[in-house]
Structures are given as C-alpha cells and as structure tokens.
There are 4 protein chains.
Amino acid sequence: MCSRPHPKAVRSGRLGRPRSTEADTAILHATRAALVELGWSKLTMGDVAIRAGVAKTTLYRRWASKSELVIDAVAVLFDELELPDRGSLMADVEGVVLQFATLLERPETRTALMAVVAESTRDEALRSRIRSAIVNRQKTLVLQGRARAQARGELPYEENAESAARNADLIFDVIAGAVVHRTLVSAEPVDQAWAHSFTTLLLSGLTSLRNS
Amino acid sequence: MCSRPHPKAVRSGRLGRPRSTEADTAILHATRAALVELGWSKLTMGDVAIRAGVAKTTLYRRWASKSELVIDAVAVLFDELELPDRGSLMADVEGVVLQFATLLERPETRTALMAVVAESTRDEALRSRIRSAIVNRQKTLVLQGRARAQARGELPYEENAESAARNADLIFDVIAGAVVHRTLVSAEPVDQAWAHSFTTLLLSGLTSLRNS
Amino acid sequence: MCSRPHPKAVRSGRLGRPRSTEADTAILHATRAALVELGWSKLTMGDVAIRAGVAKTTLYRRWASKSELVIDAVAVLFDELELPDRGSLMADVEGVVLQFATLLERPETRTALMAVVAESTRDEALRSRIRSAIVNRQKTLVLQGRARAQARGELPYEENAESAARNADLIFDVIAGAVVHRTLVSAEPVDQAWAHSFTTLLLSGLTSLRNS
Amino acid sequence: MCSRPHPKAVRSGRLGRPRSTEADTAILHATRAALVELGWSKLTMGDVAIRAGVAKTTLYRRWASKSELVIDAVAVLFDELELPDRGSLMADVEGVVLQFATLLERPETRTALMAVVAESTRDEALRSRIRSAIVNRQKTLVLQGRARAQARGELPYEENAESAARNADLIFDVIAGAVVHRTLVSAEPVDQAWAHSFTTLLLSGLTSLRNS
DNA sequence: TCATAAACGAGACGGTACGTCTTGTCTTTAG
DNA sequence: CTAAAGACAAGACGTACCGTCTCGTTTATGA
C-alpha cells in the first residue's frame, strides 16, 4: 500500500553511514514474532533487539517507545482486508465479516489490536496514530460497499453528505464492534452461521431474527 | 449482588488469624483510585499497597497478579447497569445504550475494561474470569429487554430455546460491541443522536437509515 | 553442669498453662540442626519453628532474638572440655589443645562460635552474654592446669594475685586464639604435630623452635 | 600494593562502554562507611548503592554478594601493617602487635574481619578468598621479622625449608590469634603492658612469666 | 467442677531487603 | 554519522523473613 515513514525519520543531511534498511525489516519482523510469543506486556525492547540482531540503540534511534514500534509493526497486518464484489450487499457484508474474523483469529493480530487499543486509552496521541495507521484505513470498505449497493439499487442514494458520513461511521462501528466483541470478549467463533445471522440483523433489523 | 470469592480464598480451616476484610475493601478502593490516576501500565502493586495502607505481601496473599486484582476491583463498576421499563423496545434500547456509554466515559471503567481485555488475549483463564465477573453478568439485560418486548407484542416469542439463546448473544455482541468501538476505538461520543440512529438501525435494519 | 535459666523466664504467677519443657528441648535441638545445615545467616526463626514443630510465637515468647537463641543453643556444646591429669604440664597443654581442636572440627561448633562472635562485635550486651555463657567458663581450665603444674613443681607459685590473674588471661588468649586462628582462619588442621610444636613454643619460647 | 582484579572482571572484548572506575571507588568507600555506621548485618546493598550514588545493578554487575563486596572493601585496610626495624626481635614483635591491635580497634576493621570470617565458615570459596586477599598478605611480616632476627644472631638459621615454613605459620597463628582473641573475644585492650607480657611469653616461654 | 489465665498452633499483618528485570540513556570502539 | 556492545540510573517486580498481632484451642491450677 502506501509508504509509512518513520516518526523519527529526519534524514537530516547526507552525511555519515546510512541507516540499514535490513535492520528495519528485521526489527519489525522480530517485533511481530515477539508479540505472538510473549504478548504485549512481556515483550521487551531488549528482547526485540536480540531477536533482530540489532543494538537497543538502533531501536530507540527509530522509534520513541514500545507502543509506536508495535503499532508500526502490526499496522501492515490489517492492510489485507478488501471487498471483492460478491454480487449482493448481503454477500458483500458476510464476506467482509468472515474475512475480518479470520484476521482476528491470528494471534499476532488479535494480540496486537487489543494491546494497542488498550495502551491507547491513556494517550490521545497514540490513539490518533492508531486510527490513522489502522482503523480509518478500513473505513473505505464501508464506503465502497455502500456505493456498490447503491449502484445495484439495494440502497438509496443519500443527498445529505454529512448524514451519509455519519451513517458510514455508524455502520463501521457496528460491524467492526460486533466482530471484535464476539471474537475477543465473548470468545466465540465468527463462523458462517453467525456471519449470516449478523448480516440479516444488520440489513433487516431486530424483528427479522427468527429461529434458524 | 452476589458474593465474589477471592481466587486465593482457600480459607482452609478455622485456624490462624482471619484475613482482614477492611484490607480487602481498602485494596480494591485503592486499586480503582490508582487506575484512574495512573492508568494500567503505570499502576504498580507497591503503589496500591501504600494507598491502601497495607503491606505488599497482603496483596499477593490474595491476588496472584495485577490483572486479577484489577478485574476484581472494577467488576463492581459494571453492576450498576439496569433496564427500567421505558415503555417501548426502542426506548429501552436507547436508554441502556446511553447508560453504557456514560459508564464507559468514566476513566476507570474505560481504562480497566480495555486493559483487562488486552491482557486477557494471551490468557484463557483470565479471559473466562473476565467473562464471568463482568460480561456475562450484563447479558441478563438483553434477556430482560426481550421478554418485556415480547410481553408488549413488539417481538414474537421464539419456540426454539437454543436459537433464542444464540439471538440474545448476537444482540449483546452488537450492542456492546458498537458502543465500545464507538467510544474506545473511534473515540467519538455516544450521544442522544448516535443512540437514536443506532437503535433505529438495530430495530429496522440498514435500509431504514435515512437522512436526519 | 549448671542450670541456664531463660532470659525471658519471668514465671510471674502460678496461674495459667505452664510452658512446655519439651518445646524448649525441641527448639534448641532444631536450632543446632538448622545451624549446621544452613549456617548462621540462612537460619531463620520460621524454619527453626517448623523443625521444632512449634509456633513462631513460642520462640519469641522465650528468646528475644536469633542471636540469643543461638547462643543458648550452642553454649552447652562447649561444656565438654575438661583437663584430666596427663602427668606433666606439656601433656596437659597438648591434651587440651587437641580436645579443643576436635571440638572446633564439628560443624555446629565451628559455625556457632564464629557466627556468634561476629554478631557480637556490634553489640556489647551480646558480647558479655557470650563471655559469661561460653568463654569464661573455659578459663577455669587454665587455672586448674597451672595449679597442677605448680604442685608438680613445673611452675613457680605467684605471690601477686593480680598479676597471676593477668597471666592466666594471657595464656588463655594465646592458647584459644592460636587454635581458633589455625582452625578457622588459616583453615589448617590442628594435629598431633602442630599441637606438639605449639606446646613447645608456649612452654619454652621462640628460641626453642627447631627443625623436626 | 598489588592490583586486585574484580571477581566478575570478565572484560571480555574491547566492545561496549567500559566500566566506570569512579563507580568502583565510590562503592568501596561507601561500603566501608556503611559498615562502620551500621555493622555487617544492617548493611544493605541498596543502602551502599545510594551512598555511592550508583544503581543497585552496578553493584551486582561487579560483586556477586555482600560478602565479596565487603571483603574487597576492607582488604585494603590491612595493607597498612609494616615492620620497621626497631633494633631487636623483642621490639619488632611488640611493635607489630601494638600496630595490629590499633588496627583492630577501628570499628570498620573489627567488624569487617569477624563478620567476614564468620560468613566464611560455611563457604570454602569465600574462605580462600579471604586468605588470599587479607591473611596471607600479612604472613610476609613474619618471614621478614625472622630473617632480620637471624641476621642479628637472635635466632638460628633453619636448614629444613619445609619445617621453617611450618614454624612461620605457627608463629603467625599464635601472634594473630592471640591479638584477635584478646581484642574481639575477651574484649580487653591490647596495651603496652599486655604486648610486653605476650612478647616475653612468645620469646622465652611459659616459665619466663613472672610477676611484673 | 468449673472458671481463670497463660501457653499453644496457626497464620495474617506491616515492614524491609533481596536479587532480577526492564527502560531509556550514555559511552566506548569499529565501520 | 551510524552500528554493535554493553555499562549506566532508575525503579518495579515478586519472594523471603522479621517480629507482632489476632484467632480458637488446650492445659494447668485454685476458687
């Protein structure tokens, strides 16, 4: 996707030994590996450095803190979501729900997301960094799905742009929130059946829920 | 509500000096205070001990880890949710959504919930502890609301018990997930307007969303 | 030998349950055992209590500190020194030197003596307790040996009582000091040969030392 | 005198920040100060670190235990003993006895020596460390004094080298043992009069002791 | 015989120090 | 000027003992 420049990538002059790009790759990879093995709280900078075959100084030269390093390391994991045209709004929603659920089943994603969100509850700067690096990037999926449904005639066009944006946000919160809650809090699987029930509810409302 | 026994509450025999219940109260209170002031990551056991006027040993005699202590400390905060009869399903849902949002606006609740969930992504024991201490306790609200709506004739009775349980779980995940995501991830307020839009969506489905 | 009353043996009235003498015995025995196994610094009151099958309270009811307990426990070990008449001053000295060395070869005695002395360097009360419980008790051996030698005509009688006492102290310090230093500091064995050389030096002076 | 390398002075390669020699000096100084003020048993590593203006980790990087630290800290104190030529064997011995006694009157020396010896009774490694760092270093004084006395004709030359070494050890144990016992166990002062009596006894034997 | 009073076991309590670990910085040599 | 290595100050961790304090129970008197 797009390039993510380092927060500390000042690249002031042309002088001196250039930074090793291999080190960057190794560090991010080591961070993801450590996150899976140890979890957020037991992940240490020293350990990441050793795994990456790098000095601790090199880490701190590039990232200011554990949080920022981890965000950068995991952000890329969430870029794989996409919305192929499955023919109907129903199918599109079910598809993306299952795709998201699959993503959250992987330990690194699961751990990364919640840990980063948790850490962010006390730090507005971190929170907005997460939103711009991870969350907002996925909102385009909602817009894309709605446009497609409107083209198909499944949904009406909305004249009021502001209200349209609000509705998109609401739908995003409902879909993402439900999947995350089901997966991480209730700790139940998001399978075909659940995805179907959820999509039905989303499209037709509470009264549509019937025995299945 | 119901009693919450300690994880380490072996209380084997009748022998020895009994554990101080005042210490318990003081520790849980101090934990909540420290959580608000410092957040999860800067909260230390030593600090909690000092605030509670208690020795560190006393903490460790009762709780095996910071996580378990914090869970026990904050679980009680979530017991204040209730579902007064507001006359219609719509009003009931809107009411509980706003109530939940208000709860999550308080820093201790917000911090505690996410931190504890994040920590739990690596520890099944912890996760189930959270579910039994916090989450499942609130599921009764869904059951209560549904029963009331059925009595009013707003919702049909479901014959299949299993399917009814599944639907209740789904609705719980959708409501809780949406509010949590809106509040903690999107970092936008859950106000009257949002609650109304969300409730409309939940009751009538996607197609019902119109400009407002 | 003589009875050693407890430091805390207040025995105020006649009322109440009398202190268990079995506990006393068990505690002192356990203390000696723990001292041998663990050494002074790793010996803990709790451990002694467990070994003795006794509550910690029972220990503290009788002894104010670890030091006092250990002193009382080991004092009895040093009471076994005696001075049988071996026919000459030379034989008497050699005999007692070897006897003392044998005593110090036993781990409990060795550990106990040095630990207690070391602890005492900062506490005059403890020091005098050690002297009266252990050290001075052995000074009679010097007096006894001198009297016997004088009776044999090996040593002259001393008219000046004060000077005689000073000399006895000097001889005690030389004998005890040399054996202790050889054993505990130089960490070399006190065997027949060394005892003979030492006794020769003590009796005849430096010039008497010849190749052997 | 000679250099004393650290026990943990691995100094493997040339890489990394070198250990601060100022920290070393500060730590050893702080240790001696703390030892005088608090005594062995109340001396804590944390306190030494604070006094030295150093982190606890820095202490543990260099010394494995309190014992080893204290030994290194106090070893230098015993290097001040020397044997100026006072004209006769008698005067030389008296001089060094008084010098040694003066040394042992200083609280840090007194406390350190006994505590370290006591601690060593259970640890052969520690014991040999003490011998090489403190005790054996002083044995040269005996050899020096004997050589001088032989040159003066006060003592005969010994042909048998092995026996000569044994005699030197014996004399060392007697002098050091007597002074230490008098000072630390009997807790009586080593003054001019005692030094004179002791030297007379050592040179001429028991029979030489007369009223004075 | 039964009340009284002290001693008992068990174990929780407030403290203090331990030795280890992690953080983020600093200081060296090598490239 | 960066890299690797590793020492540094700071401070939290969870454990181990200390000596004290409740508890409920047991064991001798002496009223």
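Sequence lines set the chain letters: A, B, ... in the order given, protein chains first and strands last, and positions in each chain run from 1.
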What is the separation between atom [atom1] on [X] and atom [atom2] on [N], rounded to the nearest whole Å?
X	N	atom1	atom2	answer
Leu59(C)	dC8(E)	CG	C1'	13 Å
Arg51(A)	dA4(F)	CZ	P	18 Å
Ile50(D)	dA17(E)	CD1	C1'	11 Å
Arg61(B)	dT22(F)	CZ	P	15 Å
Glu22(B)	dG14(E)	CD	C1'	14 Å
Leu69(D)	dC18(E)	CG	P	11 Å
Ile27(A)	dT2(F)	CD1	P	14 Å
Lys42(C)	dC18(F)	NZ	C1'	18 Å

Contact check, side chains of [X] and [Y], non-hydrogen atoms, under 4.5 Å:
X	Y	answer
Ser67(C)	Trp40(C)	yes
Trp63(B)	Leu28(B)	yes
Thr58(A)	Arg61(A)	yes
Ile27(D)	Leu59(D)	yes

(request) Not counting sequence neighbours, list each pair that qualifies as a salt bridge (Lys or Arg N to Asp or Glu O under 4.0 Å) and has a residue in residues 49-58 of chain C. (result)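 Found Glu37(C)-Arg51(C), Asp47(C)-Arg51(C).
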
(message) Nearest heavy atom decides the nucleotide; on that basis, is Ala52(B) or Lys56(D) closer to the 5' end of DNA chain E?
(response)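 So the residue in question is Ala52(B).
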
(message) Go nucleotide by nucleotide along DNA chain E from the 5' end; which of Asp47(D) and Thr21(B) gets its closest nucleotide reached first?
(response)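 Looking at DNA chain E, the more 5' nearest nucleotide goes with Thr21(B).
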
Side chain of [X] only, heavy atoms from C-beta on: which candidate in [options] is closest?
X	options	result
Tyr60(D)	dC8(F), dG14(E), dT20(E)	dT20(E)
Met45(B)	dG14(E), dC13(F), dG19(E)	dC13(F)
Ala55(A)	dG9(E), dA5(F), dC13(E)	dA5(F)

Would you indicate, yes or no, if [N] has its OP1 or OP2 atom less than 4.0 angstrom from a side-chain nitrogen or oxygen of [X]?
X	N	value
Arg19(D)	dG6(F)	no
Arg62(A)	dA3(F)	yes
Thr58(B)	dG14(E)	yes

(message) Looking at Arg62(D) and Asp24(D), is there a salt bridge between them, counting it only when a charged N and a carboxylate O are closer than 4.0 Å?
(response)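 The answer is yes: the pair qualifies as a salt bridge.
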
(message) Can you tell whether the side chains of Asp72(A) and Arg129(A) come within less than 4.0 Å, N to carboxylate O?
(response)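 Counted as a salt bridge, because a side-chain N and a carboxylate O are separated by less than 4.0 Å.
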
(request) Please confirm whether the backbone N or O of Pro107(A) pairs with a side-chain atom of Thr111(A), one donor and one acceptor, at under 3.5 Å? (result)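 Checking the backbone N and O of Pro107(A) against the side chain of Thr111(A), a donor-acceptor pair under 3.5 Å is found.
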
(request) Kindly indicate whether the side chain of Thr57(C) and the base of dA7(E) share any N or O donor-acceptor pair separated by less than 3.5 Å? (result)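 No.
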
Mind listing the N/O atom pairs, protein and nucleotides 26-28 of chain F, below 3.5 Å?
unit_1, atom_1, unit_2, atom_2, d
dT26(F), O2, Arg17(C), NH1, 2.9

(request) Would you classify Leu43(A) as touching base, sugar-phosphate or nothing, given that sugar-phosphate means primed atoms plus P, OP1 and OP2, and contacts are heavy atoms under 4.0 Å? (result)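 Sugar-phosphate contact only.
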
(message) Quick check: on DNA chain F, is the nucleotide nearest Ser65(C) upstream (toward 5') of the one nearest Val54(D), or the reverse? Name the residue that is more 5'.
(response)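 Final value for this comparison: Val54(D).
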
